[in-house]
Amino acid sequence: GDSVTQMEGPVTLSEEACLTINCTYTATGYPSLFWYVQYPGEGLQLLLKATKADDKGSNKGFEATYRKETTSFHLEKGSVQVSDSAVYFCAAGATNKLIFGTGTLLAVQP
Amino acid sequence: DGGITQSPKYLFRKEGQNVTLSCEQNLNHDAMYWYRQDPGQGLRLIYYSQIVNDFQKGDIAEGYSVSREKKESFPLTVTSAQKNPTAFYLCASSPLTSGTMTNTGELFFGEGSRLTVL
């Protein structure tokens, strides 16, 4: 069945370090792909998305490219800030729902 | 402002009691969803609804019930039959594109409700 696999956390980085959170998916066809962010005690907010192969989603310095050949959608940021500390979820659009990865906790230290 | 409102934010329940979580949206979205979030397990779909007076089971519907009497509202009841109800519950909505639900697009989430069974 459809599934999303993302790297386990926690990921701990110093401020201004580079970030990569890996995400791969298994799905029928070509699903839309998403990264959501969740701050403590809150719901999920859409961070970025891509709807077809080779699309690059970007927002707030984060980027992810839809790679059909590797079925991946890795999240990257060149210089993280303390305010980026949160849980990040990769998701793929399937029939009637989004399928989510297990989430990756990012902790950025000053 | 448009958005999704969940209430209550925190809820405590004794074993054997049913509780109802409220979800209201003013985004004029057709589809609404309930997800359950547990540590280390991501989000799992409980129920979804694409249209008023119709809803479908998700992956973990046992022990839960829903209704969709109005487009704006999609309440979730956690019944006493749910064996492990302590969790964070998230409601979401989305517009239907092209009248179908294949290849689901962006979901808009509420702030969540945390249920603790004592």
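Note that the structure is predicted; figures quoted are calculated from it, not measured. The chains referred to below are lettered A, B, ... by the order of the sequence lines, with proteins before strands, and numbering in each begins at 1.
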Single-linkage hydrophobic cluster, 4.5 Å side-chain cutoff, [X] and [Y] together:
X     : Y      : result
B:L21 : B:F109 : no
A:Y25 : A:I21  : yes
A:V80 : A:M7   : yes
B:F55 : B:Y48  : no
B:I4  : B:F88  : no

Other residues, nucleotides, ligands: >12 heavy atoms within 6.0 Å of [X] [atom1]:
X     : atom1 : answer
B:E62 : CD    : no
B:K9  : NZ    : yes
B:Q41 : CD    : yes

For this session: Let me see the working for A:L98 and B:L43 under side-chain contact (heavy atoms from CB on, under 4.5 Å), right down to the final yes or no.
Result: CA-CA 9 Å; A:L98 289 190; B:L43 279 69; over 6 Å; no
Exercise. Between A:K97 and B:Y35, is any pair of side-chain heavy atoms under 4.5 Å apart?
Worked result: yes
For this session: Could you check if a side-chain atom of A:Y36 sits within less than 4.5 angstrom of a side-chain atom of B:L107, using non-hydrogen atoms only?
Result: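 Yes, side chains in contact.
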Is [X] in contact with chain A via its backbone, its side chain, both, or neither, using a 4.5 Å heavy-atom distance?
X      : value
B:Q56  : neither
B:E111 : both
B:D38  : neither
B:L45  : side chain

Problem set entry | Test log, rule side-chain contact (heavy atoms from CB on, under 4.5 Å), inputs A:F34 and B:E106 | CA-CA 8 Å; A:F34 308 86; B:E106 178 184 350; 4.0 Å; yes
Problem set entry | Straight-line distance of B:L90 CG to A:E42 CD, nearest 0.5 Å |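 One finds 11.0 Å between CG of B:L90 and CD of A:E42.
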For this session: Counting only heavy atoms closer than 4.5 Å, note whether A:Q6 contacts chain B via side chain, backbone, both or neither.
Result: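 Answer is neither: A:Q6 stays 4.5 Å or more from chain B.
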Problem set entry | Structural part of A:L46 lying under 4.5 Å from a heavy atom of chain B |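 For A:L46, the contact with chain B is made by the side chain alone.
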Problem set entry | Any residue of residues 99-110 of chain A which, by heavy atoms, sits under 4.5 Å from chain B | A:F100, A:G101, A:T102
For this session: Kindly indicate, with the supporting measurements, whether the criterion side-chain contact (heavy atoms from CB on, under 4.5 Å) is fulfilled by B:F108 and A:Q45.
Result: CA-CA 7 Å; B:F108 297 77; A:Q45 304 172 26; over 6 Å; no
